[in-house]
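What follows is a short report on a single structure.
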Amino acid sequence: MSALEAEALWLSLIVAGRAALVGLPLAIVAAWIVARCRFPGRTLIDALLHAPLVLPPVVVGFALLLLFGVQGPIGALLDKAGIRLVFTSTGASLAAGTMAFPLMVRAVRQALEAVDPRLEEAARGLGAGFWDRLFTITLPLAAPGLIAALVIGFAAALGEFGAVITFAANVPGETQTLPLAIYSALQVPGGERIALRLALISLSLAVAALLLSEWLLRAMRREGRDA
Amino acid sequence: MSALEAEALWLSLIVAGRAALVGLPLAIVAAWIVARCRFPGRTLIDALLHAPLVLPPVVVGFALLLLFGVQGPIGALLDKAGIRLVFTSTGASLAAGTMAFPLMVRAVRQALEAVDPRLEEAARGLGAGFWDRLFTITLPLAAPGLIAALVIGFAAALGEFGAVITFAANVPGETQTLPLAIYSALQVPGGERIALRLALISLSLAVAALLLSEWLLRAMRREGRDA
Amino acid sequence: MLDVAIRRRLGGFALEAAFTAPSDGVTALFGPSGAGKSSILAAIAGPTTGEGHVRLDGRDLLALPPERRRIGIVHQDSRLFPHMTVERNLRYGLRRSDRSGIGFDEVVEVLAIAPLLSRRPATLSGGERQRAAIGRALLSQPDLLLMDEPLAALDGGRKAEILPFLETLKARFRLPILYVTHHVGEARRLADHVVLIAEGRVVAEGGPELLAGAEGEVVGVEGDLVTIRVSGPLPRPGSHVTLT
Amino acid sequence: MLDVAIRRRLGGFALEAAFTAPSDGVTALFGPSGAGKSSILAAIAGPTTGEGHVRLDGRDLLALPPERRRIGIVHQDSRLFPHMTVERNLRYGLRRSDRSGIGFDEVVEVLAIAPLLSRRPATLSGGERQRAAIGRALLSQPDLLLMDEPLAALDGGRKAEILPFLETLKARFRLPILYVTHHVGEARRLADHVVLIAEGRVVAEGGPELLAGAEGEVVGVEGDLVTIRVSGPLPRPGSHVTLT
Amino acid sequence: QLRVFAAASLTEAMQEAGRAYTARTKEPVSFSFASSGTIARQLEGGAPADLFVSADAESMDYAVAKGSIRPGTRRALLGNSLVLVAPMASRAKPVAMIDGRFPLLARLGPNGRLAVGDPAYVPAGRYAEQALTKLGLWRAVQPRLARAENVRAALALVSRGEAPLGIVYATDAALDKGVALAGRFPAASHAPISYPMALTTRAAPTAPRFARFLLSAQARAIFARYGFTPPK
Ligand SMILES: Nc1ncnc2c1ncn2[C@@H]1O[C@H](COP(=O)(O)OP(=O)(O)OP(=O)(O)O)[C@@H](O)[C@H]1O
Ligand SMILES: Nc1ncnc2c1ncn2[C@@H]1O[C@H](COP(=O)(O)OP(=O)(O)OP(=O)(O)O)[C@@H](O)[C@H]1O
Ligand code: MOO
Ligand SMILES: [Mg+2]
Ligand SMILES: [Mg+2]
């Protein structure tokens, strides 16, 4: 692996890992709202949560630019606070995470909907308040789904190209994740070999994430048994 | 809506709808294999199923071009059978569906894993063989997940850009789906307004799909009650 | 004749039970909580994994896949299909059987589930659910019926209606029934044969007289003194008894 | 005193029950399957939705969110947390209570669940599961205990052990217990007060004498004739009885 | 029906040329716009294109090498020039011609980036690299690049004010009201910008006629309006 490839690999790991980990709690909140709350306009919120999925990534990147760019309403605020997103690896995470977000919400939501409400009720009767129930019953029971959400969020963020390059551009060592490197390689006639190698690295990362998730699931099942 | 926009909308509907509908049975088979079968190499298959997700869409498009192009191993065979995929709307479905496939598999898998095996066992005791159980117990119990898979598959296919433009090109009325039309609009200075309108059309389609899915779920619940 | 020999390991629990049961009577499986009664039924009806055999009139049922064994089973938890109405649950096994000895209307009437037919299991009471499960098992026209505390959730009146029906059933269809219960009276009333289970093993096998407790006929009442002619083991003087 | 008045609509079923119960005794809810017994317990312990009140010594429990009502409930289906060991299930309510009258070790011993503590609910037998659920409810140190056929899945021996424990409990902690059962003997043994339910309404309320059936003490045994001094209604001569 | 696969940066100009052609000949023309590199591979995969208009020589070379091009039909169609743009809001003082003394770094500020098409694969980016190298600015500015996926994206970064400067084609700069011209690169500082076109091996018999039309005075006038120059 060349130094540049190693850098892209490392950066991808950071960018996608951060996107998945930061995205998960947000996805839980969003999934909770659409799965558990009933209010007018719920379907609209649900649809908006799907927006990054149905829009071309470039458009999402562009929208992020409008919002989080130094001229954008949020970006201007962050800029004052000394936080820069455009052209930074944090920005790459934001873009990749935004694209992965609908998938994470979906996975969490499916998991939440599969939790037996009678068990939450039972916990309530045993004195557990909302947050207590959430953290001791609902989320642990939904854990396989949460891990699925992490895996899919990580995988999608790992593969995200259009939104990242539009929002964060390709700054080697900062925002040049594996997909950007693969894309670069492929655009150059004869770059197939490099692209293939980078693609295999991406896939290995995904395999590693899957194995990790399965190990986590098993560990969780064991933990409950011993405690 | 201009005629061209209407055309892109209609085409997107066909392309994404076909991708989701054809994808679903395949996703069920794939999800079954990774969720229910235990054999060496399962994790590898699982990882390969994630490949379209972790690879940049353009790479997937190129891979499809290599496989299904007229020179490709599968494409050549299909060509003899008179079936052309590259640069046709069927091909656009293939590309969009390939990108959406991992998401569909995930959703179906999560649903399958949530089905209580004791109910399948009960059906077995009542004389239901494998396929019988599958169609009367497992899939109906997994139905909310299957519908979730359809929605996410449709939404992802609807938004797919990179793989479609690479594999099926960007031919108005043939393969120019909404994301490609948006891309083309953005290439034209001042095209932002058209792009925005097209994006809103995309979102409305997603809203429609969501509403339809919720209506379907409700209908299914009712149907069980009256039968 | 039903000839059962089962060997299984369940976590730390070893099941190793062998017994025979008449082919047209009720055999009560009796034993403390956790003795392995439900596990025996699961081994007879479920996927073949451990060693052993279950021969019904010579044929080994374990050689068949569960869906072709013609075994009706009522689980301790009802396991009704939540996405079907009670009626569709009842007809599930019926439709998949090529016989029709046990009729839909008859079962619905005896179990008093006519008003529930169009309801979903989630809205049923515990006893209603159990009755639906009994009906579903019966209607699959089984060659062998396994029942795991089927009447535990039912009130005395309902029990008193269903018991005679089970008796009729076994008389009419010469159907062997394995019946798990904790209720001595119920077992004594129904059982032709009793198998006592403890810690995964058969500890005794025999007639209904194996069951502790007694039943009898009231022969005299004088003030608050009641005299009863008892069959079965006699209670010790000074002991506290309940008459039902 | 426990003063219950509940009004609910469940699909086609109308629940409209009002009764009072002594604040330190066992009140048996008695009635046929589908009468509304479980629904009454659910209305007392669950989210407040319908009309009515549940006053315990004057305070209306329904004014509190369920998690602050201090109600222990044993459901007809055990509802153990599948992702926790039996021990973590037991300690769940204990940890969330600021009292400690009912001790962990004591409960574990009486319910004989020590060997199960490190197991997951999925691997338990029906009776084991129910015992764990009883333990969990007791250990939450409730002000009011609701039990829905808690002993139905248990064998006679186990029942005979748990019943006296429940008696001690009510004596020691002056804890009102609402107890749903189909078992006359069980109810008569435990209950200080009986509420008969049918079709969603209270049809009678009173002492244990409300329950049909009888119990007594064996005063003489001669051959197969047993003489019993009976309290409660006397059986008719010629009737068939079971002694338990 | 004729099908033209053309570089995305030609989108609007080509569409107008197509309309003009159809108006004159009643023959419909349809387009598929994508990046030139993608099109080159699509031709290899059997794309139903009659004509390929590339934004760079490399992609055309690739198509030729893969046998997708009808021999002898390659023509230089258009030229373009390279400019430096700044956000309109910055009120940059335009410089006529950029030379080696141009204070590029100073104009970028302490942490501003220079938006370009990715020199690795975007033709405009490659020209920018050549020009900056020739002018001796490359080494200093290279770590400060924001490499965009195509010229339009680079342009958007400048017009949104995310990057204080960007290098794009004159054609792009002319049409975006959000940017101001900050300078021009000497034509000699980079390889001639050329848009080659060629018929594909599977081109329909009517295809040469459209190719000829694109080289006609009428088409040239259209392209000129979008800022394209005749090929060098
Ligand atoms: N997977 C397992 N791991 C460990 N022990 C198990 C497992 N499955 C079952 N057991 C144990 O096997 C024993 C028999 O269980 P079974 O359900 O057959 O009891 P049972 O006789 O039906 O009891 P009950 O009357 O309470 O329903 C129980 O002690 C149970 O805890
Ligand atoms: N959602 C619902 N829709 C219609 N009927 C309902 C619904 N929920 C409960 N019921 C009915 O309410 C009645 C009371 O149910 P409940 O579970 O309280 O009975 P129960 O007295 O506990 O009976 P069991 O002894 O069988 O457990 C039953 O007839 C049941 O079918
Ligand atoms: O017109 Mo291009 O090939 O996108 O620079
Ligand atoms: Mg059991
Ligand atoms: Mg009940």
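In what follows, chains carry the letters A, B, and so on, assigned in the order in which the sequence lines appear, proteins first and then strands, with residues in each chain numbered from 1.
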- Within a radius of less than 6.0 Å around CZ of C:Arg99, do more than 12 heavy atoms belonging to other residues, nucleotides or ligands occur? yes
- Note on the structure: Max heavy-atom pairs within cutoff under 4.5 Å with chain B, candidates C:Pro66, C:Ala45, C:Ser140, C:Pro65, goes to C:Pro66
- Between chain B and each of C:Arg79, C:Arg95, C:His75, count heavy-atom pairs under 4.5 Å; write down the option with the most. C:Arg79
Heavy-atom cut-off 4.5 Å, strictly under: side chain, backbone, both or neither for [X] against chain B?
X: C:Ile73; answer: neither
X: C:Arg68; answer: neither
X: C:Leu80; answer: backbone
X: C:Arg70; answer: neither

- Query: Under the 6.0 Å and 45° cation-pi test, does C:Arg88 pair with C:Tyr92?
  - Reply: no
- Tell me, please, whether C:Phe104 has C:Arg91 positioned over its six-membered ring: NZ or CZ under 6.0 Å from the ring centre and within 45 degrees of its axis? yes
- Measuring from B:Ser202:OG to B:Leu178:CG, what's the distance to the nearest 0.5 Å? 4.0 Å
- With rounding to the nearest 0.5 Å, note down the distance linking CG in C:Leu117 to CD in C:Glu87. 5.0 Å
- Task: Would you mind checking which part of B:Asp116 comes under 4.5 Å of any heavy atom in chain C, side chain (CB onward), backbone (N, CA, C, O), both or neither?
- Result: neither
- Query: Under a 4.5 Å heavy-atom cut-off, does chain C meet the side chain of B:Ala123, its backbone, both or neither?
  - Reply: both
- Item | Side-chain donor-acceptor contact under 3.5 Å, C:Thr49 with C:Arg8 | yes
- Query: Between B:Phe68 and B:Phe167, how do the two ring planes meet: parallel, tilted or perpendicular, split at 30° and 60°?
  - Reply: perpendicular
- Message: Looking at chain C, which one of B:Gly127, B:Gly129, B:Gly125, B:Pro140 has the largest number of heavy-atom pairs inside 4.5 Å, strictly under?
- Response: B:Gly127
